[in-house]
Amino acid sequence: MSEGFHGLDPCVHCGFCLPACPTYLATGDESDSPRGRIVLMRALERHELTAADPALREHLDACLGCRGCEPVCPSGVEYGRGLETARNIIADQVGLGARARMVLAVFRRRWLWYPLFTAARWLRATGLPRRIAGASSTGFSMGMLAATRTDSEPGSAATREKTRGTVLLFRGCVMDRLFDHVHEATVRTLVVNGYRVLEESLPHCCGALHAHAGDKRSAMALARSNVRDLTDSVDFIVVNSAGCGAMLKEYGHLLGDDDARAFSSRVRDVTELLAAAGPRPGAPLDIAVAYDAPCHLQHAQRVHGEVLATLGAIPQMRVLLLADSDKCCGSAGIYSMLQPAMSRAVLVGKIDTITQALPRPDLVTTGNPGCLMQIGAGLLAAGSDIPVAHPVELLDHSYRLAGLYASRDP
């Protein structure tokens with residue numbers, strides 16, 4: 001397993017990564033920086049520290065895995081793969097914590113997460129989560145649930161004669177149950193831009209949460225299920241969750257076979273497909289929107305300009321890139337459940353920047369479910385009424401106002 005540490009070899013400990021690391025900025029502790037963690041990972045590789053060493057586990061567990069250090073590294077260090085290797089070793093030799101095991105076990109089994117998230121939808125529909133959202137642990141959790149839905153009107157897109165290809169929508173788990181409205185918007189906006197969209201009949205978890213936590217066996221099992229079950233008769237597999245997209249694009253590396261590599265080569269974020277098509281302009285929206293870049297979209301997938309092109313298809317809408325818009329919000333999959341204090345500490349600065357911005361944004365947009373929930377809950381806890389939404393929801397609304405949809409669903 002130590003071959004995963006080879007990506008750390010170019011590190012010369014220059015320190016360019018320090019200002020890009022949210023946990024280092026929060027604590028000022030060198031061991032909570034990429035440079036410090038690389039030293040710890042090297043010590044683990046050389047057996048100078050064991051997987052059971054409490055300091056080693058403390059600082060590696062505290063890493064968000066946001067990979068914000070990678071784009072700023074002049075040496076091209078593959079920090080993310082080194083971190084996952086270290087966590088795999090720790091999980092194999094010491095095991096995962098009880099809470100992590102419980103959460104990952106739920107996401108591994110559709111018959112567990114499907115009814116759980118369906119019940120969460122029912123709770124959300126009561127309006128109770130938004131009413132009790134706040135800064136307490138319970139209030140923040142309810143704020144995260146409230147942030148999964150914005151008010152929108154359904155509709156259906158008119159099929160364009162020219163097709164840019166057939167795509168399969170990857171529904172996932174959290175997106176499938178709590179963000180199905182984003183899936184609907186994804187289908188409509190892609191159809192308007194000339195794509196034929198199919199949807200998988202049996203949603204699966206992508207395995208990202210397991211891979212990031214060190215549960216490589218479960219991640220590989222879920223990856224094999226997706227490669228096996230998702231049709232190969234499409235041009236692209238479209239994803240609207242940054243974390244899922246980054247994971248699906250890594251299947252070739254994770255599984256190491258031709259089928260997985262072929263699968264990964266067809267994965268695209270929805271904004272990549274929309275940008276390739278133009279995208280088609282919609283009706284004007286006279287609002288200011290703060291774009292917050294999901295870590296696994298900008299840093300892992302290196303997708304950024306495509307999101308701005310998608311938002312740019314909406315006339316009169318002003319897109320704000322606030323300070324630290326490319327920094328992690330502290331969600332990081334199940335990190336907010338395992339490391340709640342650090343997660344909230346990382347979030348504080350981002351919420352302050354958004355709420356104090358001039359001009360004041362009318363809305364915050366980001367392309368990952370965890371980020372939508374984390375930032376949405378943070379804004380509610382701060383007493384702010386600024387809503388959050390996925391970029392395709394904004395384009396979808398613009399298209400509806402432009403009359404590009406043939407009819408409304410009953």
Side-chain angles (χ1 to χ4, degrees), residues 107-110 113-114 117-118 148 157 164-191 193 195-212 218-255 259-277 294-297 300-303 306-307 310 333 366-373 390-393 395-396:
F107 283 97
R108 173 94 185 257
R109 297 162 176 85
R110 185 179 184 274
W113 62 255
Y114 193 93
F117 289 133
T118 298
T148 63
R164 301 185 62 87
T166 301
V167 304
L168 176 73
L169 173 62
F170 180 81
R171 296 194 66 89
C173 49
V174 174
M175 290 298 296
D176 177 71
R177 294 287 80 202
L178 297 181
F179 291 91
D180 56 317
H181 52 289
V182 176
H183 283 335
E184 293 164 3
T186 296
V187 172
R188 289 191 292 264
T189 55
L190 286 174
V191 169
N193 281 280
Y195 294 96
R196 175 173 175 257
V197 185
L198 307 178
E199 296 191 55
E200 59 171 324
S201 58
L202 189 64
H204 295 288
C205 176
C206 68
L209 303 177
H210 305 80
H212 299 160
S218 293
M220 292 178 70
L222 289 165
R224 290 191 188 100
S225 294
N226 283 317
V227 173
R228 180 188 67 241
D229 294 346
L230 300 184
T231 178
D232 59 359
S233 60
V234 296
D235 299 296
F236 302 107
I237 298 164
V238 63
V239 191
N240 48 30
S241 161
C244 295
M247 185 64 195
L248 296 180
K249 289 180 179 181
E250 284 286 303
Y251 278 4
H253 171 76
L254 179 67
L255 299 180
D259 287 344
R261 282 188 281 269
F263 179 97
S264 292
S265 70
R266 291 181 289 131
V267 176
R268 299 290 187 277
D269 183 74
V270 60
T271 61
E272 291 183 276
L273 294 181
L274 289 170
C295 298
H296 279 83
L297 192 60
Q301 298 185 58
R302 306 297 172 93
V303 172
E306 295 87 344
V307 185
T310 297
T366 186
N368 191 62
C371 302
L372 286 165
M373 295 167 75
H390 194 287
V392 296
E393 291 186 85
L395 187 62
D396 180 56

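For Phe117 and Phe179, the ring centers sit 6.0 Å or farther from each other.
Shown here are the side chain to side chain contact (heavy atoms under 4.5 Å, CB included) partners of Thr166, two or more places apart in sequence or in another chain: Arg196, Leu198, Val234, Asp235. Residues forming a side chain to side chain contact (heavy atoms under 4.5 Å, CB included) with Leu222 (at least two apart in sequence, or on another chain): Arg108, Cys205, His210. For Phe170, the ring-ring contact (aromatic ring centres under 6.0 Å, His included) criterion is met by no residue, not counting sequence neighbours. Applying the side chain to side chain contact (heavy atoms under 4.5 Å, CB included) rule to Ala211 yields the partners Glu84, Ala219, Met247; only residues at least two apart in sequence or on another chain are considered. For the side-chain hydrogen bond (donor to acceptor under 3.5 Å, both in side chains) test, residues two or more places apart in sequence or in another chain that qualify with Asn240 are His183, Thr186. Evaluation of the salt bridge (charged side-chain N to carboxylate O under 4.0 Å, His left out) rule for Glu306 yields no partner, not counting sequence neighbours. With sequence neighbours left out, the side-chain hydrogen bond (donor to acceptor under 3.5 Å, both in side chains) criterion links Thr366 to no other residue. By the side chain to side chain contact (heavy atoms under 4.5 Å, CB included) test, Arg110 is found to be paired with Trp113, Tyr114, Leu202, Pro203, residues two or more places apart in sequence or in another chain being considered. His296 meets the ring-ring contact (aromatic ring centres under 6.0 Å, His included) test with His212; sequence neighbours excluded. Listed by chain and number, the residues in a salt bridge (charged side-chain N to carboxylate O under 4.0 Å, His left out) with Arg109 amount to none (sequence neighbours excluded). Applying the side-chain hydrogen bond (donor to acceptor under 3.5 Å, both in side chains) rule to Ser265 yields no partners; only residues at least two apart in sequence or on another chain are considered.
Interatomic distance, Leu190 CG to Leu169 CG, rounded to the nearest 0.5 Å: 8.0 Å. We find the OG1-CD distance between Thr310 and Glu272 to be 9.5 Å, quoted to the nearest 0.5 Å. To the nearest 0.5 Å, atom CG of residue Leu255 and atom OG of residue Ser264 are 8.0 Å apart. Atom CG of residue Leu230 and atom CD1 of residue Ile237 lie 6.0 Å apart, to the nearest 0.5 angstrom. In this structure, OG on Ser218 lies 11.0 Å from CG on Leu209, to the nearest 0.5 angstrom. If you take CZ on Phe263 and CG on Asn226, they are separated by 5.5 Å, rounding to the nearest 0.5 Å.
No side-chain heavy atom of Thr148 sits less than 4.5 Å from a side-chain heavy atom of Leu372.
For the side-chain contact (heavy atoms from CB on, under 4.5 Å) with Gln301, the qualifying choice from Lys249, Glu250, Arg268 is Lys249, the only one to do so.
Residues Val267 and Gly245 share a closest heavy-atom pair of CG1-O, 4.1 Å. Of all the heavy atoms in Val174 and Phe107, the pair that sits closest is CG2-CE2, 3.8 Å.
Not one N or O on the side chain of Tyr195 forms a donor-acceptor pair closer than 3.5 Å with the backbone of Val167. Not one N or O on the side chain of Ser241 forms a donor-acceptor pair closer than 3.5 Å with the backbone of Asn368. The main-chain N or O of Thr189 is found under 3.5 Å from a side-chain atom of Asn193 such that the two form a donor-acceptor pair.
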Quick one: do Asp180 and Arg171 satisfy side-chain contact (heavy atoms from CB on, under 4.5 Å)? Show the steps, please. CA-CA 8 Å; Asp180 56 317; Arg171 296 194 66 89; 4.1 Å; yes

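Every pair tested for ring pair (Phe, Tyr, Trp, His ring centres under 6.0 Å) that includes a residue from residues 223-248 fails, sequence neighbours excluded, so the list is empty.
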